[in-house]
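Since the structure comes first, as structure tokens, the remarks are kept for the end.
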Amino acid sequence: MTKKTLGLDSQLYNYLVSVSLREPEILRQLREETASYPDAQMQIAPEQGQFMALLVQLLGAKKTIEVGVYTGYSSLITALNVPADGRIVACDFSEEYTAVARRYWKAAGVADKVDLRLAPALDTLNDLLSAGEAGTFDFVFIDADKEGYENYYSLSLQLVRSGGLIVVDNVLWSGKVADSQIQDEDTQALRAFNEKISHDERVSISLVPIADGLTLARKR
Ligand code: CA
């Protein structure tokens with residue numbers, strides 16, 4: 001197969017950022033603060049965040065779910081791009097990291113839009129289904145433990161409306177998914193997830209090679 005997608009070296013990546021990144025000041029501050037924390041690689045790339053903001057705008061999303069919050073960069077983006085009566089159900093179990101997220105939601109004036117659920121995400125997603133919210137969400141972002149992806153996706157698919165979008169992060173996993181020598185649990189889980197969704201006729205998909213790889217799945 002001929003390779004059609006351009007690989008980005010540092011020079012080209014810096015060019016891309018220089019001609020396209022419009023990162024609001026509050027997001028830049030959060031990104032810089034997060035860079036000093038352990039697990040800072042868990043934060044999404046700023047150009048990826050901008051892409052997701054555009055998706056939220058295009059969808060006219062109002063009800064959204066965030067599976068995995070960390071310090072809140074992507075949930076803050078979503079909150080800034082849904083209308084005033086929009087809602088983000090934010091799932092995470094870290095008090096420590098979500099305290100940072102809460103501080104920034106508040107500073108950005110969007111704290112009222114975020115419904116933080118400090119619990120295992122599977123419990124929260126099941127609670128939403130039990131509460132009769134199936135088919136009512138416009139947008140879900142999944143970026144949490146990789147072994148949980150299949151379950152998060154399966155519940156999210158029930159929660160989004162027809163035409164709603166599920167966005168899944170890290171699907172290229174620094175390239176490890178394509179290297180058969182690498183067999184750790186996270187890599188295997190992502191490989192299995194990618195394989196399964198590639199045949200899932202309930203959704204239209206695209207795997208976008210931005211940042212660490214982002215799969216978009218639109219519910220039919
Ligand atoms: Ca991620």
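Residue indices begin at 1 and follow the sequence shown. In what follows, every heavy atom counts, from backbone to side chain, and hydrogens, waters and symmetry copies are set aside.
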Subject >> Residues which pass side-chain hydrogen bond (donor to acceptor under 3.5 Å, both in side chains) with Asp145, listed by chain and number, not counting sequence neighbours >> reply: Tyr152
Original post:
How would you list all residue pairs meeting salt bridge (Lys or Arg N to Asp or Glu O under 4.0 Å) that involve residues 157-175, not counting sequence neighbours?
Top reply: Asp138-Arg161
Original post:
Apart from Leu12 itself, what residues make up its hydrophobic cluster, given side-chain heavy atom links below 4.5 Å?
Top reply: Leu6, Leu8, Tyr13, Tyr15, Leu16, Val17, Val19, Leu21
**OP:** Spell out, as yes or no, whether a donor-acceptor pair under 3.5 Å connects the side chain of Asp92 to the backbone of Val69.
**Re:** yes
Subject >> Apart from Phe93 itself, residues in the same hydrophobic cluster as defined by side-chain heavy atoms under 4.5 Å >> reply: none
**OP:** Can you measure from CZ (Arg218) to CD1 (Ile166) and round to the nearest 0.5 angstrom?
**Re:** 12.0 Å
Subject >> Backbone of Gly60 reached by a side-chain donor or acceptor of Lys62 within 3.5 Å >> reply: no
**OP:** Mind checking side-chain hydrogen bond (donor to acceptor under 3.5 Å, both in side chains) for Lys196 and listing every partner two or more places apart, or none if nothing turns up?
**Re:** Glu150
Original post:
How far does CD1 of Ile88 sit from OG of Ser74, to the nearest 0.5 angstrom?
Top reply: 10.0 Å
Original post:
With sequence neighbours left out, which residue pairs that include part of residues 44-57 fulfil the salt bridge (Lys or Arg N to Asp or Glu O under 4.0 Å) condition?
Top reply: none
Subject >> ring-ring contact (aromatic ring centres under 6.0 Å, His included) partners of residues 95-137, not counting sequence neighbours, each pair once >> reply: Tyr70-Tyr97
Subject >> salt bridge (Lys or Arg N to Asp or Glu O under 4.0 Å) against Glu201, all qualifying residues, sequence neighbours excluded >> reply: Arg220
Original post:
Thr64 and Thr78: side-chain donor and acceptor closer than 3.5 Å?
Top reply: no
Original post:
When you check the gap from the basic side-chain N to the acidic O, do Glu133 and Arg87 get nearer than 4.0 Å?
Top reply: yes
Subject >> Distance-only donor-acceptor check, side chains Lys219 and Ser162, under 3.5 Å >> reply: no
Original post:
Sub-3.5 Å donor-acceptor pair from the side chain of Asp212 to the main-chain atoms of Ser174, do we have one?
Top reply: yes
Original post:
Do Val167 and Thr215 have side-chain heavy atoms sitting under 4.5 Å apart?
Top reply: no
**OP:** Kindly say whether Ser10 contributes a backbone atom to a donor-acceptor pair with the side chain of Asn14 at under 3.5 angstrom?
**Re:** yes
Original post:
So which pairs with a foot in residues 27-39 pass salt bridge (Lys or Arg N to Asp or Glu O under 4.0 Å), sequence neighbours left out?
Top reply: Glu23-Arg31, Glu25-Arg28, Arg28-Glu32, Glu33-Arg103
Subject >> CD1 on Ile26 to CG on Leu76, rounded to 0.5 Å >> reply: 6.5 Å
Original post:
Restricting to pairs with a member in residues 191-220, which pass ring-ring contact (aromatic ring centres under 6.0 Å, His included), not counting sequence neighbours?
Top reply: Tyr149-Phe193, Tyr153-Phe193
Original post:
Looking only at side chains, do Asp184 and Thr187 share a donor and an acceptor under 3.5 Å apart?
Top reply: yes
Subject >> salt bridge (Lys or Arg N to Asp or Glu O under 4.0 Å) involving Arg22 - partner list, sequence neighbours excluded >> reply: none
Subject >> Gap separating the CD atom of Gln48 from the CD atom of Gln43, nearest 0.5 angstrom >> reply: 10.0 Å
Original post:
Can you name the residues that form a side-chain hydrogen bond (donor to acceptor under 3.5 Å, both in side chains) with Asp9, not counting sequence neighbours?
Top reply: none
